[in-house]
Protein chains: 2
Amino acid sequence: MKSSDKHEKIIRAAVKVFAKKGFFSARISDIAKVAKVADGTIYLYFNNKFDILISVFDEEIGKFIAQTKKLVDQEENPRKKLEVFALKHLSMAKENKSLAEIIQMELRQSHKLIKEYRKTIFSEYVDIISAIIRQGQEKNIFRKDIKPGIAKRAYFGALDEMTRLWVLSPKPPYDIKETAKQISSMFLQGINAE
Amino acid sequence: MKSSDKHEKIIRAAVKVFAKKGFFSARISDIAKVAKVADGTIYLYFNNKFDILISVFDEEIGKFIAQTKKLVDQEENPRKKLEVFALKHLSMAKENKSLAEIIQMELRQSHKLIKEYRKTIFSEYVDIISAIIRQGQEKNIFRKDIKPGIAKRAYFGALDEMTRLWVLSPKPPYDIKETAKQISSMFLQGINAE
DNA sequence: GGCCGCTAAATGAATAATCATTCAGATTTT
DNA sequence: AAAATCTGAATGATTATTCATTTAGCGGCC
């Protein structure tokens, strides 16, 4: 068997096990069992347990961010860009529930390395939002008194919290498209009547 | 020494240690050392390590939610209520950084018990928001097509994400009042120019 | 084709370290 | 001098990691 297969198999098993039991409660032997590999084999591909978690993030989140950027770039209108971003974010959570769960739970860990990691990777992601907002402000489409640095976090936070609902509930209580629409609409028009 | 003192001392020490190292990496002996108490003494006041974490939540978060409710009730106008909520939320994070950090990190844990706990306690908190929104809709102040169940999470998520910024950064990069204003304004008016 | 020798990959039992928890005895309070 | 409280060393369970051994893959040779 080619070694790349094993690497892949272990990562996939780890996603499942971490999602189910959480990083600290997951045992290497659990992952080995799911991956159908000996405990020791894991150490041929990863330095330690923590390294597996980081690899999961690196390999899976990277792909996702790239996809999001591409989609957003295809739209012209900043309003539309925000909608597309919301839809992509929520869709990902629905289609890849285990990974979403790990991001929700484990990327919030207070471990120093994870904190640092989170800062870097999330910056790249939420900066997609602030870039859109700046664009919109330049085109006089968005209010100039809104700080992009605050708005990006507010928008991301709103989506992230909806994702948490998906992750914690067995069934999505709201429709994805409907939710993305509501959230982008709230941000664009606000909730004030008239 | 009165026993209530020890209980308090241990809780306070636990808040510090959990915030610094995270629940799983925190050792009982760490907490004991900070509390200036023997390891065994902790077990006279708490059943186990997990029980300490739950007690931290129960005793500290409970107070905070009660305070928030009281403040919100003092306002008449739903718009004003939302502003007050945001300000209280962010102020709490600034004034009680260790606790905010624990809420951010540990309450996201995938441990079954924590998941359940989170559902209960957070529902109580975010339902303050949905209640405000429903009130506003009844008075024709807020759009009727906004679902309170989505809006409450979006609003909470936005604030929660700003809190994360506080927790992860050594210095608050934005002014608390300014941030609360921006977020409530975004939700009320939206970011569209005119 | 079949056999041999070699290397890389894989195995999983044994190791070693970590800590939550306990409890027999010390100390303090009443 | 009981009772209540506290202590911290010892226990025991858990598991990440290691490593001596086995297995599989491959090229050269007859």
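Only a predicted model underlies this, so the values are computations on that prediction, with no experimental measurement involved. FYI, side chains are in, hydrogens and waters are out, and symmetry mates aren't considered; it's all heavy atoms of this structure. Chain A is the first sequence line, chain B the second, and so forth, proteins listed ahead of strands; every chain is numbered from 1.
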Proximal nucleotide (of D/dT17, C/dT11, C/dT21) relative to the A/Asn48 side chain: D/dT17
Nearest-Å distance for atom pair NZ/C1', residues B/Lys36 and D/dC6: 17 Å
Euclidean distance, atom CG of residue B/Asp30 to atom C1' of C/dA20 [Å, nearest integer]: 12 Å
Proximal nucleotide (of D/dT17, D/dG8, C/dT11) relative to the A/Leu44 side chain: C/dT11
Residue mapping more 5' on DNA chain D - nearest nucleotide basis, A/Ala26 or B/Val37: B/Val37
Position toward the 5' end of DNA chain D (nearest nucleotide), A/Tyr43 or B/Ile42: B/Ile42
Step-by-step ring pair (Phe, Tyr, Trp, His ring centres under 6.0 Å) determination, B/Tyr125 to B/Phe85: CA-CA 10 Å; B/Tyr125 187 55; B/Phe85 185 94; 5.0 Å; yes
Separation of atom CD1 in B/Ile10 from atom C1' in D/dT5, rounded to whole Å: 12 Å
Cluster overlap B/Ile121 with A/Leu168, hydrophobic side-chain contacts below 4.5 Å: no
Nearest-Å distance for atom pair CD1/C1', residues A/Ile31 and D/dT17: 14 Å
Candidate nucleotides D/dT7, C/dT21, D/dT17, ranked by approach to the side chain of B/Ile28 - the nearest: C/dT21
B/Lys81 side chain reached by B/Gln135 side chain, heavy atoms, under 4.5 Å: yes
Separation of atom CG in A/Asp39 from atom P in D/dA16, rounded to whole Å: 9 Å
N/O (side chain, B/Tyr45) to phosphate O (OP1/OP2, D/dT5) under 4.0 Å: no
d(NE2, A/His7; C1', C/dA10) in whole Å: 17 Å
Distance test, side-chain N/O of A/Lys6 to OP1/OP2 of C/dA10, below 4.0 Å: yes
d(CG, B/Asp5; P, D/dT5) in whole Å: 13 Å
Integer-rounded Å distance: C/dA20 C1' and B/Arg27 CZ: 12 Å
Sub-6.0 Å ring centroid separation between A/Phe24 and B/Phe23: no
Atom NZ of A/Lys21: over 12 foreign heavy atoms under 6.0 Å: yes
